[in-house]
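What you see below is based on every heavy atom in this structure, not just the backbone, and it leaves out hydrogens, waters and symmetry mates. The structure presented is a predicted model; accordingly, all values stated were derived computationally and were not measured.
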Amino acid sequence: MPQNPPNRWSLSPVGEAIASRGGTAGLMIHSRRLVALAAVVLLALGSGMAVASPPKSKTTAAVPAAPPPPPFEPLPPPKVYLFRGAMGPIFSTGMDRLGEKLTQAGFSADVYEFTLCRLIGSRVIASYKEKAAPIVLIGHSMGGLCSVVISEMAAKESIPISLVIAIDPAHATGDVPLNVERFINIFLSDSVLGGGDVVAVPGFRGHYASYDLKENARVSHINIEKSDDIHRQIVEMVTQLPRIPPQAQADAVPLRYLVPADTLVELWDSGVRVPVRRGDTMESIAAANRVPLWTLAQSNSLAENAQLTPGQTIIVPRHLTPPEPAAAMATPPAAPAGRK
């Protein structure tokens, strides 16, 4: 009979011998080789992935945002102290009229003789320590000197003075101390009875404005404190004070003006630096900020038609808040014959 063809899948003699001796042991050796081979492959793949994968970035801890500033709470109404000059009941009656207007506006406003200066200064300090409220000091002639004296007394007690207005103060008036937040001087530099060109102490960072009205022939030492227009602006400033948030004073630029004849002063409290843009002129900057052109010329020591360069800065006077369109152009009261 013919023999069956050899099976190509049959074991070799050696394999048959292994199988016959122990097929289970052979399979175990074969399985170990497969496991070892698989381990080598996995190790190689793992190394390649480690090289190819980008390093993980370190997470940066988030910096907590600064909390927003607390909302500004309006301050209590200011307490206003007004001081007459020498022979005040005769020559400083404008202070009484101003005191009445402030009282009608709802403020505590009392008028005193300058001879009581230090006594009233002690009361101002005691009242503030009992219940803190903005302090406003306004004085005419020797009363202007008194306002600065009381400011110096308060400085020794670390008490701030919100506003000081000196109206043609005496020549002997001292410098404005550091505790004064706003100082305004309205004076006549050629006045014998007043004429105090008051300046601030070195390092003063508050708001400062000085106005010399000597070129206005209708204004004199004994009527300068009676101007209804100046009264109106003072009442407006005192009204605004409690509603004005604390301002960084680093940008406050002092103002010093020789006010042109027949022009009454607007009570700007300081200047601010404004950058010049392409196409700006002195006239366009004045119009945009609603200030007279002469104020820019004087503040910056420039001609009214000076050419400006983009990037330079111009000092512009500013109010606590923008004024009404028809600000401070009223005619001052007529002065008696001759100036004193």
Side-chain angles (χ1 to χ4, degrees), residues 73-170 172-186 194 196 198 200-201 204 206-208 225-226 230-231 234-244 246 267 269:
E73 294 291 337
L75 300 173
K79 291 187 176 181
V80 187
Y81 303 85
L82 302 99
F83 300 92
R84 305 184 189 98
M87 300 182 68
I90 299 174
F91 295 114
S92 291
T93 57
M95 302 307 292
D96 295 273
R97 289 167 53 190
L98 176 57
E100 292 171 1
K101 294 173 183 177
L102 287 163
T103 300
Q104 291 172 1
F107 299 104
S108 170
D110 297 301
V111 184
Y112 303 96
E113 299 300 327
F114 84 92
T115 52
L116 302 175
C117 187
R118 293 196 173 273
L119 173 62
I120 302 305
S122 297
R123 291 183 184 176
V124 170
I125 292 171
S127 176
Y128 185 89
K129 289 182 176 179
E130 180 179 350
K131 185 177 180 180
I135 299 171
V136 176
L137 306 174
I138 307 172
H140 171 231
S141 190
M142 288 295 292
L145 181 151
C146 176
S147 296
V148 174
V149 168
I150 293 178
S151 299
E152 294 171 342
M153 294 173 63
K156 295 178 181 178
E157 301 286 339
S158 299
I159 294 175
I161 304 296
S162 293
L163 174 65
V164 176
I165 300 178
I167 305 177
D168 206 24
T173 304
D175 297 345
V176 186
L178 298 177
N179 64 321
V180 174
E181 296 173 359
R182 285 179 166 84
F183 177 81
I184 294 177
N185 190 35
I186 310 165
V198 184
V201 298
F204 181 81
H207 300 255
Y208 172 99
E225 94 292 358
K226 298 177 178 65
I230 290 178
H231 288 181
I234 291 175
V235 173
E236 287 179 357
M237 292 187 73
V238 174
T239 302
Q240 294 164 3
L241 275 178
R243 302 196 297 264
I244 301 299
L267 296 185
D269 76 341

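- Panel note: side chain Glu225, backbone His140; no donor-acceptor pair is recorded below 3.5 Å.
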List the atom pairs, donor and acceptor, that lie under 3.5 Å between side-chain atoms in residues 121-129 and the rest of the protein, sequence neighbours left out.
| residue | atom | partner | partner atom | Å |
| --- | --- | --- | --- | --- |
| Ser122 | OG | Arg118 | O | 3.2 |
| Ser127 | OG | Lys79 | NZ | 2.6 |
| Lys129 | NZ | Glu157 | OE1 | 2.9 |

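- With contacts defined as side-chain heavy-atom distances shorter than 4.5 Å, the pair Leu119/Tyr112 does not qualify.
- Across Pro242 and Pro78, no two heavy atoms sit closer than the pair CG-CD, 3.5 Å.
- Across Met142 and Ala170, no two heavy atoms sit closer than the pair SD-CB, 3.6 Å.
- Taking 4.5 Å as the limit, every side-chain heavy atom of Glu181 sits out of range of all side-chain heavy atoms of Ile161.
- Across Phe83 and Ile150, no two heavy atoms sit closer than the pair CZ-CD1, 3.3 Å.
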Worksheet entry | From CA spacing to verdict: side-chain contact (heavy atoms from CB on, under 4.5 Å), Val201, Leu178 | CA-CA 7 Å; Val201 298; Leu178 298 177; 3.4 Å; yes
Fill in: From CA spacing to verdict: side-chain contact (heavy atoms from CB on, under 4.5 Å), Asp168, Ile186
CA-CA 6 Å; Asp168 206 24; Ile186 310 165; over 6 Å; no
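- Contact between Pro169 and Ala166 at its shortest, heavy atoms only, is CG-CB, 3.8 Å.
- To the nearest 0.5 Å, atom CD1 of residue Ile159 and atom CG of residue Asn179 are 9.0 Å apart.
- Summarising the geometry of Ser92 relative to Gly85, their closest heavy-atom pair is OG-N, 3.0 Å, with the distance given to 0.1 Å.
- Side-chain atoms of Ser162 and Arg182, non-hydrogen and from C-beta on, never get closer than 4.5 Å to each other.
- The distance from atom CZ of Phe114 to atom CZ of Arg84, rounded to the nearest 0.5 Å, is 12.0 Å.
- For the pair Leu145/Val198, no side-chain contact is recorded, criterion being any heavy-atom separation below 4.5 Å from C-beta on.
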Worksheet item: What's the verdict on side-chain contact (heavy atoms from CB on, under 4.5 Å) for Ile184 and Tyr208, showing C-alpha distance, side-chain angles and the deciding distance?
Response: CA-CA 6 Å; Ile184 294 177; Tyr208 172 99; over 6 Å; no
Side-chain donor-acceptor pairs under 3.5 Å in residues 101-111, sequence neighbours left out?
| residue | atom | partner | partner atom | Å |
| --- | --- | --- | --- | --- |
| Lys101 | NZ | Asp228 | OD1 | 2.9 |
| Lys101 | NZ | His231 | ND1 | 2.9 |
| Thr103 | OG1 | Gly99 | O | 2.9 |

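- In this structure, the separation between CD1 on Ile167 and NZ on Lys226 is 10.0 Å, given to the nearest 0.5 Å.
- You'll find the side chain of Phe204 reaches within 4.5 Å of the side chain of Val180, heavy atoms only.
- Among residues at least two apart or in separate chains, disulfide (SG to SG under 2.5 Å) pairs with a member in residues 77-144 are Cys117-Cys146.
- Pairing each heavy atom of Val164 with each of Ser147, the nearest pair is CG1-CB, 3.9 Å.
- To the nearest 0.5 Å, atoms CG (Leu137) and OG (Ser151) are separated by 5.0 Å.
- Note that CD1 of Ile135 is 6.0 Å distant from OH of Tyr81, once rounded to the nearest 0.5 Å.
- The OG1 atom of Thr173 sits 8.0 Å away from the CG atom of Asn185 when rounded to the nearest 0.5 Å.
- Between Leu98 and Ile234, some side-chain heavy-atom pair lies under the 4.5 Å cut-off.
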